[in-house]
Amino acid sequence: MKRTRPDYPDFISWQNLSETEDDPMVLLSRSGGKKVTDNYEVFPYPEQDKNGAYHLYFFTHGFRYMTSETIDRIKKLEVGETLYLMHDAQNDFDSNALMLRTKDFYLLGFCPRYLLNDVFPLLKKYPDAVKVTLELVNLPPAPLQMRLLCHLIVKHDDFQPFSSEMYESLAVPIFR
(Lines give C-alpha, C1' and ligand atoms only; values in the text may rest on other atoms or scores of the structure.)
Protein backbone atom coordinates (compact mmCIF):
# COMPACT_ATOMS: atom_id res chain seq x y z
CA MET A 1 0.00 0.00 0.00
CA LYS A 2 1.31 3.42 -0.89
CA ARG A 3 2.14 5.69 2.03
CA THR A 4 0.13 8.49 0.44
CA ARG A 5 -3.18 6.61 0.73
CA PRO A 6 -5.49 8.09 3.37
CA ASP A 7 -6.01 4.66 5.00
CA TYR A 8 -2.27 3.93 5.27
CA PRO A 9 -2.11 4.74 9.04
CA ASP A 10 -4.98 2.28 9.59
CA PHE A 11 -3.16 -0.36 7.53
CA ILE A 12 -0.10 0.02 9.79
CA SER A 13 -2.12 -0.09 13.03
CA TRP A 14 -4.13 -3.17 11.90
CA GLN A 15 -0.80 -5.01 11.78
CA ASN A 16 0.16 -3.77 15.26
CA LEU A 17 3.18 -1.93 13.90
CA SER A 18 4.33 1.60 14.57
CA GLU A 19 4.73 4.07 11.74
CA THR A 20 8.51 3.72 12.14
CA GLU A 21 8.23 -0.03 11.40
CA ASP A 22 6.85 0.52 7.92
CA ASP A 23 9.66 -1.26 6.09
CA PRO A 24 8.13 -2.83 2.94
CA MET A 25 9.41 -6.34 3.78
CA VAL A 26 8.04 -6.12 7.34
CA LEU A 27 4.67 -5.03 5.97
CA LEU A 28 4.64 -7.77 3.33
CA SER A 29 5.55 -10.51 5.79
CA ARG A 30 3.11 -9.38 8.49
CA SER A 31 0.18 -8.81 6.12
CA GLY A 32 0.93 -11.76 3.83
CA GLY A 33 1.18 -9.34 0.92
CA LYS A 34 -1.48 -11.35 -0.86
CA LYS A 35 -3.90 -10.04 -3.43
CA VAL A 36 -6.70 -11.93 -5.13
CA THR A 37 -4.62 -12.16 -8.30
CA ASP A 38 -1.50 -13.52 -6.54
CA ASN A 39 -0.27 -17.09 -6.63
CA TYR A 40 2.22 -16.55 -3.81
CA GLU A 41 2.32 -15.48 -0.20
CA VAL A 42 5.05 -13.70 1.74
CA PHE A 43 5.60 -14.68 5.36
CA PRO A 44 8.27 -14.03 7.98
CA TYR A 45 10.80 -16.43 9.39
CA PRO A 46 10.10 -16.96 13.11
CA GLU A 47 12.35 -14.87 15.33
CA GLN A 48 14.19 -16.71 18.10
CA ASP A 49 14.51 -14.98 21.46
CA LYS A 50 17.37 -15.33 23.95
CA ASN A 51 15.56 -18.22 25.71
CA GLY A 52 15.32 -20.25 22.48
CA ALA A 53 11.60 -19.67 21.87
CA TYR A 54 10.47 -18.81 18.36
CA HIS A 55 7.92 -16.04 17.76
CA LEU A 56 5.81 -15.46 14.68
CA TYR A 57 2.81 -13.23 14.04
CA PHE A 58 0.04 -14.16 11.64
CA PHE A 59 -3.53 -13.29 10.79
CA THR A 60 -6.16 -16.01 11.00
CA HIS A 61 -7.24 -17.46 7.66
CA GLY A 62 -10.73 -18.45 6.56
CA PHE A 63 -12.49 -15.77 8.56
CA ARG A 64 -15.10 -15.34 5.84
CA TYR A 65 -16.39 -18.88 6.57
CA MET A 66 -17.11 -18.20 10.25
CA THR A 67 -20.63 -17.99 11.64
CA SER A 68 -22.35 -14.79 12.71
CA GLU A 69 -22.14 -16.03 16.33
CA THR A 70 -18.37 -16.23 15.98
CA ILE A 71 -18.19 -12.76 14.52
CA ASP A 72 -20.17 -11.50 17.54
CA ARG A 73 -17.85 -13.43 19.89
CA ILE A 74 -14.80 -11.78 18.33
CA LYS A 75 -15.98 -8.43 19.66
CA LYS A 76 -15.50 -9.83 23.18
CA LEU A 77 -12.00 -11.24 22.67
CA GLU A 78 -9.21 -9.77 24.76
CA VAL A 79 -5.64 -9.08 23.72
CA GLY A 80 -3.35 -11.66 25.33
CA GLU A 81 -6.10 -14.30 25.44
CA THR A 82 -4.86 -17.82 24.77
CA LEU A 83 -6.16 -19.41 21.57
CA TYR A 84 -6.16 -23.15 21.12
CA LEU A 85 -5.04 -25.10 18.08
CA MET A 86 -7.33 -27.88 16.98
CA HIS A 87 -6.88 -30.46 14.23
CA ASP A 88 -9.64 -30.26 11.61
CA ALA A 89 -9.82 -33.91 10.53
CA GLN A 90 -12.96 -33.41 8.44
CA ASN A 91 -11.55 -30.68 6.24
CA ASP A 92 -11.89 -31.95 2.64
CA PHE A 93 -9.47 -29.32 1.39
CA ASP A 94 -6.63 -29.98 3.81
CA SER A 95 -6.58 -32.97 6.17
CA ASN A 96 -3.84 -31.35 8.29
CA ALA A 97 -5.69 -28.06 8.79
CA LEU A 98 -5.26 -26.43 12.19
CA MET A 99 -8.17 -24.39 13.46
CA LEU A 100 -7.99 -21.76 16.16
CA ARG A 101 -10.60 -21.71 18.89
CA THR A 102 -11.35 -19.86 22.09
CA LYS A 103 -11.47 -21.42 25.55
CA ASP A 104 -15.27 -21.53 25.20
CA PHE A 105 -14.97 -23.41 21.87
CA TYR A 106 -15.74 -20.69 19.32
CA LEU A 107 -13.91 -21.46 16.09
CA LEU A 108 -12.02 -18.38 14.89
CA GLY A 109 -10.44 -19.54 11.63
CA PHE A 110 -7.34 -21.39 10.56
CA CYS A 111 -3.62 -21.16 11.11
CA PRO A 112 -1.87 -20.27 7.86
CA ARG A 113 -1.01 -23.30 5.76
CA TYR A 114 2.68 -22.37 5.74
CA LEU A 115 2.84 -23.31 9.45
CA LEU A 116 1.35 -26.79 9.11
CA ASN A 117 4.46 -28.81 8.24
CA ASP A 118 6.35 -27.37 11.20
CA VAL A 119 3.71 -26.87 13.87
CA PHE A 120 1.34 -29.81 13.34
CA PRO A 121 3.87 -32.62 13.97
CA LEU A 122 5.32 -30.78 16.97
CA LEU A 123 1.85 -30.14 18.38
CA LYS A 124 1.01 -33.85 18.11
CA LYS A 125 4.15 -34.91 20.01
CA TYR A 126 4.56 -31.98 22.41
CA PRO A 127 1.29 -30.04 22.82
CA ASP A 128 2.77 -27.74 25.47
CA ALA A 129 5.56 -26.61 23.14
CA VAL A 130 3.19 -24.53 21.00
CA LYS A 131 1.19 -21.56 22.24
CA VAL A 132 -0.96 -19.02 20.42
CA THR A 133 -2.15 -15.78 21.97
CA LEU A 134 -4.31 -13.05 20.54
CA GLU A 135 -2.15 -10.07 19.70
CA LEU A 136 -4.76 -7.70 18.27
CA VAL A 137 -8.45 -7.57 17.33
CA ASN A 138 -9.28 -5.29 14.40
CA LEU A 139 -12.97 -4.54 14.11
CA PRO A 140 -14.59 -3.12 10.95
CA PRO A 141 -13.59 -1.27 8.84
CA ALA A 142 -10.50 -3.51 8.94
CA PRO A 143 -10.63 -6.04 6.10
CA LEU A 144 -11.65 -9.60 7.04
CA GLN A 145 -8.14 -10.95 6.42
CA MET A 146 -6.77 -8.55 9.06
CA ARG A 147 -9.31 -9.03 11.86
CA LEU A 148 -7.35 -11.30 14.20
CA LEU A 149 -3.60 -10.97 14.62
CA CYS A 150 -2.15 -13.93 16.48
CA HIS A 151 1.20 -14.51 18.16
CA LEU A 152 2.62 -18.01 17.82
CA ILE A 153 5.26 -19.05 20.35
CA VAL A 154 7.13 -22.32 19.93
CA LYS A 155 9.65 -23.55 22.45
CA HIS A 156 11.14 -26.97 21.83
CA ASP A 157 14.54 -28.26 20.74
CA ASP A 158 12.92 -30.31 17.93
CA PHE A 159 11.48 -27.20 16.27
CA GLN A 160 13.30 -26.33 13.06
CA PRO A 161 11.30 -23.60 11.29
CA PHE A 162 10.63 -24.07 7.59
CA SER A 163 12.91 -27.10 7.32
CA SER A 164 10.59 -29.50 5.49
CA GLU A 165 10.86 -30.12 1.75
CA MET A 166 7.86 -27.81 1.25
CA TYR A 167 10.28 -24.91 1.72
CA GLU A 168 13.04 -26.09 -0.60
CA SER A 169 14.07 -23.67 -3.28
CA LEU A 170 12.00 -23.63 -6.43
CA ALA A 171 14.82 -22.00 -8.35
CA VAL A 172 15.80 -23.74 -11.54
CA PRO A 173 18.99 -22.93 -13.40
CA ILE A 174 18.34 -20.86 -16.51
CA PHE A 175 21.45 -22.02 -18.31
CA ARG A 176 22.60 -25.61 -18.38
Side-chain angles (χ1 to χ4, degrees), residues 1 7 10-17 21 26-36 38 40-47 49 53-156 159 161-162 166:
M1 180 180 284
D7 54 348
D10 291 332
F11 178 68
I12 297 294
S13 72
W14 292 333
Q15 297 180 70
N16 205 25
L17 298 170
E21 294 177 288
V26 171
L27 291 174
L28 277 172
S29 67
R30 179 70 62 100
S31 71
K34 194 167 177 110
K35 295 181 182 179
V36 176
D38 289 343
Y40 59 88
E41 185 172 2
V42 178
F43 48 89
Y45 190 84
E47 294 181 24
D49 67 20
Y54 287 90
H55 300 265
L56 185 124
Y57 296 89
F58 65 88
F59 286 98
T60 57
H61 288 202
F63 193 76
R64 67 178 176 255
Y65 303 112
M66 298 300 113
T67 65
S68 58
E69 291 83 11
T70 295
I71 292 170
D72 289 339
R73 175 63 176 90
I74 285 169
K75 296 173 186 172
K76 298 173 187 162
L77 291 173
E78 294 183 24
V79 170
E81 189 172 331
T82 297
L83 301 179
Y84 300 89
L85 292 166
M86 184 176 110
H87 180 228
D88 185 6
Q90 294 178 318
N91 187 330
D92 292 334
F93 184 67
D94 191 342
S95 62
N96 288 326
L98 283 174
M99 295 198 74
L100 287 157
R101 69 167 178 83
T102 62
K103 185 177 185 175
D104 55 348
F105 298 98
Y106 279 87
L107 301 177
L108 301 176
F110 297 91
C111 263
R113 194 179 292 143
Y114 62 81
L115 293 173
L116 290 179
N117 286 358
D118 293 335
V119 173
F120 186 66
L122 192 65
L123 188 63
K124 282 173 39 178
K125 284 175 86 173
Y126 311 103
D128 293 338
V130 181
K131 182 178 179 181
V132 179
T133 59
L134 184 62
E135 183 72 14
L136 186 66
V137 177
N138 293 312
L139 299 175
L144 285 176
Q145 69 270 19
M146 293 186 145
R147 290 287 167 86
L148 298 178
L149 180 64
C150 300
H151 179 190
L152 173 78
I153 305 157
V154 180
K155 184 160 183 166
H156 198 278
F159 184 63
F162 306 136
M166 175 183 178

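Between Gln145 atom CD and His61 atom NE2 the span is 9.5 Å, to the nearest 0.5 Å. Atom CG of residue Leu108 and atom CG of residue Leu77 lie 6.0 Å apart, to the nearest 0.5 angstrom. The structure places OG1 of Thr82 at 8.5 Å from NZ of Lys103, a figure rounded to the nearest 0.5 Å. Taking CZ of Arg101 as the reference point, atom CG of Leu107 lies at 8.5 Å (rounded to 0.5 Å). How far CG of Leu85 is from NZ of Lys124: 14.0 Å, rounded to the nearest 0.5 Å. Summarising the geometry, atom CG belonging to Asp104 is positioned 9.0 Å from atom NZ belonging to Lys76; distances are rounded to the nearest 0.5 Å.
Here the options are Thr67, Asp72, Thr70, the test is side-chain contact (heavy atoms from CB on, under 4.5 Å), and the partner is Tyr106; only Thr70 passes. Of the candidates Asn138, Leu136, Val79, Leu136 is the only one forming a side-chain contact (heavy atoms from CB on, under 4.5 Å) with Asn16.
Contact of the Cys111 side chain with the Phe58 side chain is registered, since non-hydrogen atoms from C-beta on lie closer than 4.5 Å. Using a 4.5 Å heavy-atom cutoff, the side chains of Arg147 and Phe59 are not in contact. Counting only heavy atoms from C-beta outward, the side chains of Pro161 and Tyr54 approach each other to under 4.5 Å. Between Val119 and Leu98 there is a side-chain heavy-atom pair separated by less than 4.5 Å. Phe11 has its side chain within reach of Met146: a pair of non-hydrogen atoms, C-beta onward, lies under 4.5 Å apart. Put simply, the side chain of Val154 does not reach to within 4.5 Å of the side chain of Pro46, judged on heavy atoms. Two residues are said to be in side-chain contact when any heavy atoms from C-beta on lie closer than 4.5 Å; Phe162 and Tyr114 meet this criterion.
Heavy-atom neighbours of Glu47 CD from other residues, nucleotides or ligands within 6.0 Å: at or below the threshold of 12.
The two atoms that bring Met66 and Ile71 nearest to each other are O-CD1, 4.2 Å, heavy atoms only. Taking all atoms of both residues into account, the shortest heavy-atom contact from Met99 to Phe110 is CG-CE2, 3.5 Å. Considering every non-hydrogen atom in both Leu139 and Lys75, the closest pair reads CD2-CG, 4.1 Å. Here the shortest heavy-atom pairing between Leu134 and Val137 reads CD2-CG2, 3.3 Å. Closest approach of Leu56 and Tyr45 over heavy atoms only: CD1-C, 4.2 Å.
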